[in-house]
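The figures that follow rest on heavy atoms only: side chains count, while hydrogens, waters and symmetry mates do not.
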Amino acid sequence: MVVPPSETFREHPSADGQHGGRARLAAACRFLSAVWEEARAVFNAVFSALLALGAVVGAGYLTGVARAPFALTSDFVALHIADAFRVPAYAIAIYCGAEIAQREAGATIGAKAAALCVALVVVLTVFGITATGVQTVRGESDMDVVLCAYATHVNFGWHVVLLGMVSMVLQISLRDMLPNCVAADTRWANLFSGKRFVMSIVAAVFLAAWVLDGGDAPFGPGSVRYSGMNGYGHHPKLFYVSGLYWTALVGILVLAAHARSRRDERRPARVVNFGVPALAVWIGTGCWIYANGIDQQASSRWQQDHQRVADSGVPHVVAWDLEIDIDPVECSLESRGSALLANVRAEPIRELTLLAPRGAHLMRIDIPNTSALERNPEFHRYAFARPLRSGERVRMLFELVFQGRGLDTDGSASRLVQNGTFLKSGDVVPSFGHDTGHEGERVPATRIRTVIGTSLDQVAIGPGVLLREWKENAGRYFEYARGPHASRVEAPGGPGLAFSIHSGRYAVARRHFNHMTVEVFYHPGHERNIDAMFRCIGKSLASRTRGPASYPDALLRVIEFPYAGETRVAPDAILFSEWREFAFDLRGGRGIDALCESVDRAITRQLAGSGGTDS
């Protein structure tokens, strides 16, 4: 019987194939053995001391010594873990790089890099366990181990590992270069090649870079701020792309060090095989970041336009009629509608200047009896054919869009998020020719009507009272009104101040204090302080001579917004950050005084009719 060639091959593998497989297995074993030897050399007494000190420093930071007592939830840990362990992690990364770089065991650069990764993963794991242990000691039941592990090993750990890699490569290069510069004197050559000296130089370089960068990561992708409401939001897109960018650059540096230190016949082929893909990734991600990043010149022009336009000729806004469509997934919005403008000055208005909100584009402006003098997406200037005399009115139609790109760091983008969008009035309507100092925050109006569209799973909140709610075209719509034509009397602050627009996956709790209705919009899972907040509100209202009974059918809203921020006050809303009033630890009376003080201060300003932030 004749056996087919394929059967023969399966039954009797060639000697070359067997030899190649054994050779690859042997090479892998040698590589793992070298990694273990390099990593084991790092785990010494100094490393253990640094690791223990870093754990103590991070634990002390997380417990919030001499700070307001916040609940140590997993959300809080994910937000603060980089701040808690940043300094010890950087110090250990530089030290581990020095230990591995100075070893003369003959291991390849690849084995040294892998050993460094192993050592730093151990460090990050210890820091993560420390954070979880602090939660346990504080008696927290809200513990998300997966979230803490991601925050520690990926969001924070990625740039720590890259920092260690760069430290190792620099110290290998300095170890080889410095003695050659002073080879005439053996004593100086030994000094400059010492581990402590080289490590001190690298540490000084990274310290200078850290200070110049404002305390952020001196190398690699910066950690993304976490929000209990919004998670990491749309920021991971930039995080992962920039991470690939810096990882490819580190890979190129490692290959350059390998090419310098290894003198074998296979070196050019290895450098090409690994270097070309790394170079392609580095260039490709760099081009993507450049193409999708912020246009700093456009932001600067926006500031200059606001500063160079004078206050004269600015009309008073009698009424806003707005339709706002928010896309939480794409972090974009469209705002359109009309504004009834009146000249309340004695002198006539001959020109009218409009500026788009920061990051937005004006798509349409229609003002009767005017001609355009200057027009671009960010800046429009018009001249009246007949000056607008004192007491006269004109209706302006407008449309603007903001398209988030996931890389924006300006004010509008940071508030337009996937869950918990918080927009000021100056983010959704054009400003009229002057900089208010708060990006158009004060937009005076007598009447405001808004129709806000958002996704089906979110609740939109606007100024005034809710008139109706409906679903249409796979969206959810809410109509609000504030002013003389609203069906109920709005909050005691009265009309004419800044307003805010919100959208999020909110739950709502309601209480009644005499004739005042108080609504608290909060993120599900953040309800631990709701009852205490209502008690503080009732206590604050009852302590005033002008109590709730003075405002029949009045409505007061408390709205949670994501990320850290100061308390904001609008005419019918108090805006509390998820990391302040909604995060106080009230067990055993801790934090209740701080919560009531913050609530009372906000209500005082709200009743006084003042807007803006609470310092």
Side-chain angles (χ1 to χ4, degrees), residues 39-65 67 70-100 113-140 142-168 203 206-207 210 215-228 231-232 236 239 243 246-247 579:
R40 190 175 63 174
V42 174
F43 300 140
N44 50 33
V46 177
F47 174 85
S48 301
L50 290 174
L51 186 58
L53 179 62
V56 171
V57 170
Y61 183 96
L62 290 176
T63 53
V65 177
R67 300 173 56 202
F70 292 104
L72 201 62
T73 62
S74 293
D75 291 350
F76 184 91
V77 171
L79 174 70
H80 290 283
I81 199 164
D83 296 329
F85 295 102
R86 176 177 284 117
V87 174
Y90 289 173
I92 293 174
I94 295 174
Y95 173 78
C96 291
E99 286 292 323
I100 293 178
L116 180 61
C117 289
V118 171
L120 293 180
V121 167
V122 171
V123 171
L124 295 168
T125 302
V126 171
F127 287 167
I129 294 174
T130 301
T132 306
V134 173
Q135 285 184 281
T136 303
V137 172
R138 289 282 295 269
E140 289 295 335
D142 180 15
M143 298 177 63
D144 189 337
V145 178
V146 175
L147 174 62
C148 292
Y150 178 87
T152 305
H153 291 82
V154 180
N155 186 38
F156 171 56
W158 196 345
H159 71 265
V160 172
V161 171
L162 292 182
L163 174 68
M165 291 286 186
V166 175
S167 171
M168 182 191 71
F206 282 118
L207 179 61
W210 188 28
D216 291 332
F219 199 90
S223 57
V224 181
R225 304 297 287 179
Y226 180 79
S227 163
Y232 291 105
F239 175 74
W246 288 108
T247 302
W579 296 124

Distance from [X] atom [atom1] to [Y] atom [atom2], nearest 0.5 Å?
X: Leu147; Y: Tyr232; atom1: CG; atom2: OH; value: 5.5 Å
X: Phe239; Y: His159; atom1: CZ; atom2: NE2; value: 8.5 Å
X: Cys96; Y: Met168; atom1: SG; atom2: CE; value: 11.5 Å
X: Leu50; Y: Asn44; atom1: CG; atom2: CG; value: 9.0 Å
X: Asp83; Y: Phe156; atom1: CG; atom2: CZ; value: 9.0 Å
X: Ile100; Y: Ser167; atom1: CD1; atom2: OG; value: 9.5 Å

* Asked: Any idea how Tyr61 and His80 line up, ring-wise: parallel (<30°), tilted (30 to 60°), or perpendicular (>60°)?
  ->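 Rings of Tyr61 and His80: tilted, 30 to 60°.
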
Contacts of Trp579 meeting ring pair (Phe, Tyr, Trp, His ring centres under 6.0 Å) (sequence neighbours excluded), chain-then-number -> none

Closest approach of [X] and [Y], non-hydrogen atoms and distance?
X: Val118; Y: Ala39; value: CG1-CB, 4.4 Å
X: Ala131; Y: Val77; value: CB-CG1, 3.9 Å
X: Ala59; Y: Thr130; value: CB-CG2, 4.0 Å
X: Tyr226; Y: Gly231; value: CE1-CA, 3.6 Å
X: Asp75; Y: Gly228; value: OD2-CA, 3.5 Å
X: Leu62; Y: Arg138; value: O-NH1, 4.4 Å

| query | Does the pair Phe85 and Val123 meet the rule for a side-chain contact (heavy atoms from CB on, under 4.5 Å), with working shown? | reply | CA-CA 10 Å; Phe85 295 102; Val123 171; over 6 Å; no

Does [X] reach the side chain of [Y], with side-chain heavy atoms less than 4.5 Å apart?
X: Val87; Y: Val57; value: no
X: Ser74; Y: Glu140; value: no
X: Phe127; Y: Val160; value: no
X: Pro221; Y: Leu162; value: yes

In short, salt bridge (charged side-chain N to carboxylate O under 4.0 Å, His left out) pairs touching residues 40-59 with sequence neighbours left out are Glu37-Arg40

Across all chains, not counting sequence neighbours, the side-chain hydrogen bond (donor to acceptor under 3.5 Å, both in side chains) partners of Ser227 are Glu578

Exercise. Not counting sequence neighbours, which residues clear side-chain hydrogen bond (donor to acceptor under 3.5 Å, both in side chains) with Thr132? List them please.
Key: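 Listed in chain order: nothing, the list is empty.
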
Across all chains, not counting sequence neighbours, the salt bridge (charged side-chain N to carboxylate O under 4.0 Å, His left out) partners of Asp144 are none

ask   = Between Thr247 and Met165, is a side-chain contact (heavy atoms from CB on, under 4.5 Å) present by the stated rule, with each step listed?
value = CA-CA 10 Å; Thr247 302; Met165 291 286 186; over 6 Å; no

So side chain to side chain donor-acceptor pair (under 3.5 Å) across residues 147-157, not counting sequence neighbours, yields Thr125-His153, Tyr150-Tyr240

